Number of protein chains: 2
Amino acid sequence: MSRPLPQKRATVHDIAAAVGMSRGTVSRVLNGGYVSAEARAAIEAAMTDLGYVPNNAARALKMRRSQAVAFVAHEPHSLFLDDPNIGSIMLGANAALSLADHQMVSLVVESARDNERVARYLSGGFVDGAIVVSARTNDPIIKVISDLALPAAFIGHPPDLAQHIPFVGIDNVGSAVAITEHLVSTGRRRIGMIAAALDRDSGIDRLNGFRDALGPLFDEELIADVPHYDYGSGVKGMRDLLEREPGIDGVFAASDAIAAGALEALREAGRSVPGDVGLVGFDDSTWAVRCQPQLTTVHQPAKELGSCAAQVVLRQLSGETVETTRQLLPTPLVLRDSA
Amino acid sequence: MSRPLPQKRATVHDIAAAVGMSRGTVSRVLNGGYVSAEARAAIEAAMTDLGYVPNNAARALKMRRSQAVAFVAHEPHSLFLDDPNIGSIMLGANAALSLADHQMVSLVVESARDNERVARYLSGGFVDGAIVVSARTNDPIIKVISDLALPAAFIGHPPDLAQHIPFVGIDNVGSAVAITEHLVSTGRRRIGMIAAALDRDSGIDRLNGFRDALGPLFDEELIADVPHYDYGSGVKGMRDLLEREPGIDGVFAASDAIAAGALEALREAGRSVPGDVGLVGFDDSTWAVRCQPQLTTVHQPAKELGSCAAQVVLRQLSGETVETTRQLLPTPLVLRDSA
DNA sequence: TACGGATGTGTGAACGTGCACACAGTAGGA
DNA sequence: TCCTACTGTGTGCACGTTCACACATCCGTA
């Protein structure tokens, strides 16, 4: 079980000794300060010569900063496969952190074991802050962040038990209202919804927005309830709706993937889109432009969500007090061919 | 620019002082050793009381081990969006590392800036090893890993300049041969290929396998060369092939996404699949079962690639010398409806 | 000449941890 | 009685870094 120690690497002492100076001067070359041109040149030469790389662990220990920010993704299994947004959120966050010369490290939480280990990791000083995507309510990670006052930002699921932790998201209710009103404005009257993930607030909010926007046109019978935001759920949900109400002329799918599945079911049933049925999605993911016809949908600013959350964490790191604890990003409607 | 130091946290000293014992005893309850039952109880009580969490940075500095392994993903923009495999590879790696109580940290490389920062990160002692996905030939990260003798494993793209670094992948040539032979066995004679990513070895190998398998049936005219493994490339490539050879009756698409695009182009052109044209893909991704008809394809063992690479790194970490430096995982054919 | 400031360099301490070692007490066997 | 083995605890040092401080030198000016 005992492991061999890794290869010994050059330290500030080694290069100081190599050029006959003290470690202080070497440190000054690295971090700024008064150093003569000759000394600097000699030290830099020795550094490349001995292949010196500063030890992050030692630096983090002394400085109490690691220049790293965690990106914690929950249940990525479904996220990676069904929701193309998680990748864009990551890239947005990475870009923003990169500009501030911070390293983004993504941590995947799939099991209880992962959860505990990630919580330990977050509290151990390897990261200065965290961006947390779609955590569940009673997540131990929320507790750790709250207890340690770790600079953090949540995306996609506000942490109800720790109201002081900043949150960045979209207005699911408002977006659902807007896209539903679009359906109505195109003359549809028997409008249904394929509602998904009603155990998450994103799913609930989209359904609520749909109900609000429809008002008297709303019919409980025209809600198909499916578990996930994926293609298969879309196929099933649409078949369900068609069976219940053959005269349906408008459908709001809770995601683009669902809409793509619905499109397939409509094709099976011989219905044309947008001729017979107007169909709208949610996300503006790659699904939206792959479909035939292309989807009218709600643009989800995934990249911006990521970079915005990163900014929030970086601001906390630089000592600013973050005032706006809940921030909602705009979600423009994207009008294409499906409705 | 100067930042406030994070909140002071309890250390071994603090809890030792709290119970009137020495730090050594505290260390022993953490890491094992002779401790009396009363002492252990008192110390554990003080730990939860003061909210003690061990400092990873200090531990890593002292132990020269961080219990963390990096997962480096290159150009994730295209990977996350077009290739659903990267997510599965990550999850496979995470599961294997998790079992060995190691933390997987994913690092995204998108820009030259990222590249440099990640290289620094890898060499700084925050991770004990690295899993690298699809690195390019002259990648500075390869150099760092090689120079520091960092335990590592490559996936998807063997590091040509550092032959001693272990590699886990699939036999692209053999897989392409197998799936092409399947096409031939179903009676197709005018068989084309939509070849993609011919700047990567995966793309080149798949084309070579196709050529080898076809033998005298091979026709250079029936190769459509597209840049990426994505849907749009598939549409374009298939239109191209149809224009060049209207009598084409078999197509090998270099990926499932490409095959899905090809399916769309074939539908446009009024060709039925598999009636008029036999179509096969590569990857066995979610695309394969979404298509109508479902795709016959090559199963890419994404999860296994990840876990296998993780095992290789873990073995190096435990001091074993890794003998098999190049390891290819089996890629069974998945026969569905498209050919 | 003396003095203050700017420039350049060395030294000691500290960050929080784990481990080797030292030490004390007890028990058992020669 | 002494020696050894085992249990339990305390102490010093090292990991590699940064920073405050001390010290040294040089220059310009009063």
Side-chain angles (χ1 to χ4, degrees), chain A residues 1-43 46-47 50-67 120 123-126 128 148, chain B residues 1-43 46-47 50-67 120 123-126 128 148:
Chain A
M1 205 50 194
S2 87
R3 292 160 161 181
L5 283 178
Q7 196 189 357
K8 169 96 179 151
R9 300 216 291 247
T11 74
V12 277
H13 293 83
D14 297 327
I15 57 165
V19 299
M21 308 202 76
S22 79
R23 0 177 279 287
T25 310
V26 179
S27 176
R28 273 182 289 267
V29 171
L30 290 168
N31 306 302
Y34 295 124
V35 185
S36 68
E38 316 90 89
R40 159 162 279 123
I43 286 172
M47 277 178 175
L50 301 181
Y52 170 78
V53 279
N55 183 313
N56 278 335
R59 199 200 292 262
L61 174 59
K62 179 67 183 157
M63 307 264 74
R64 297 194 192 159
R65 319 201 86 257
S66 61
Q67 297 280 96
R120 275 205 318 265
S123 54
F126 275 171
D128 299 333
L148 300 173
Chain B
M1 205 48 195
S2 88
R3 291 160 162 183
L5 283 179
Q7 196 189 354
K8 171 91 176 153
R9 299 217 291 248
T11 73
V12 277
H13 294 82
D14 298 327
I15 57 166
V19 299
M21 308 204 77
S22 79
R23 353 178 288 283
T25 310
V26 179
S27 176
R28 272 182 288 266
V29 320
L30 288 169
N31 305 301
Y34 296 123
V35 185
S36 67
E38 316 90 271
R40 159 162 280 122
I43 286 172
M47 278 178 174
L50 301 180
Y52 171 78
V53 278
N55 184 314
N56 277 337
R59 198 200 292 261
L61 173 60
K62 178 67 184 159
M63 305 266 78
R64 298 192 192 164
R65 320 201 88 254
S66 62
Q67 295 280 96
R120 275 206 317 267
S123 53
F126 275 172
D128 298 333
L148 299 173

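Every chain is numbered from 1 and lettered A, B, ... according to where its sequence line falls, protein lines coming before strand lines. Note that the structure is predicted; figures quoted are calculated from it, not measured. Excluded from the calculations below are hydrogen atoms, water molecules and symmetry mates; all remaining heavy atoms, backbone and side chain alike, are included.
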- line: Picking from dG16(D), dG8(C), dT17(C), the nucleotide nearest the side-chain atoms of Ser36(A) would be dG8(C)
message: So Met63(A) and Asn56(A), do their side chains get closer than 4.5 Å, heavy atoms only?
response: no
message: Can you identify which nucleotide, out of dT9(C), dT17(D), dC15(C), has its nearest atom closest to the Thr25(A) side chain?
response: dT9(C)
- prompt: Are Asn55(A) and Thr11(A) side-chain neighbours, meaning at least one heavy-atom pair lies under 4.5 Å?
  reply: no
- prompt: Would you say Asp128(B)'s side chain and Ser66(B)'s backbone share a donor-acceptor pair under 3.5 angstrom?
  reply: yes
query: If you check every side-chain atom of Tyr34(A), which of dG10(D), dT17(C), dG8(C) has the closest atom?
result: dG8(C)
- prompt: So what does Ala39(A) hit on the nucleic acid, given a heavy-atom distance under 4.0 Å: a base, only sugar-phosphate, or nothing?
  reply: sugar-phosphate
statement: Of the listed dG8(C), dT9(D), dG16(C), the closest approach to the Met21(B) side chain comes from dT9(D)
query: Which one of Leu30(B), Asp14(B), Ile43(B) satisfies the side-chain contact (heavy atoms from CB on, under 4.5 Å) criterion with Tyr52(B)?
result: Leu30(B)
query: Is Arg9(B) close to Val53(B) at the side-chain level, that is, under 4.5 Å between some pair of heavy atoms?
result: yes
- line: Axis-to-axis angle for the helix from dT1(C)-dA30(D) to dA30(C)-dT1(D), ends of five pairs each, to 10°, equals 70°
- prompt: Using a cut-off of 4.0 Å between protein heavy atoms and nucleotide atoms, how would you tag nucleotides 18-27 of chain C 5' to 3' with B, S and -?
  reply: BS--------
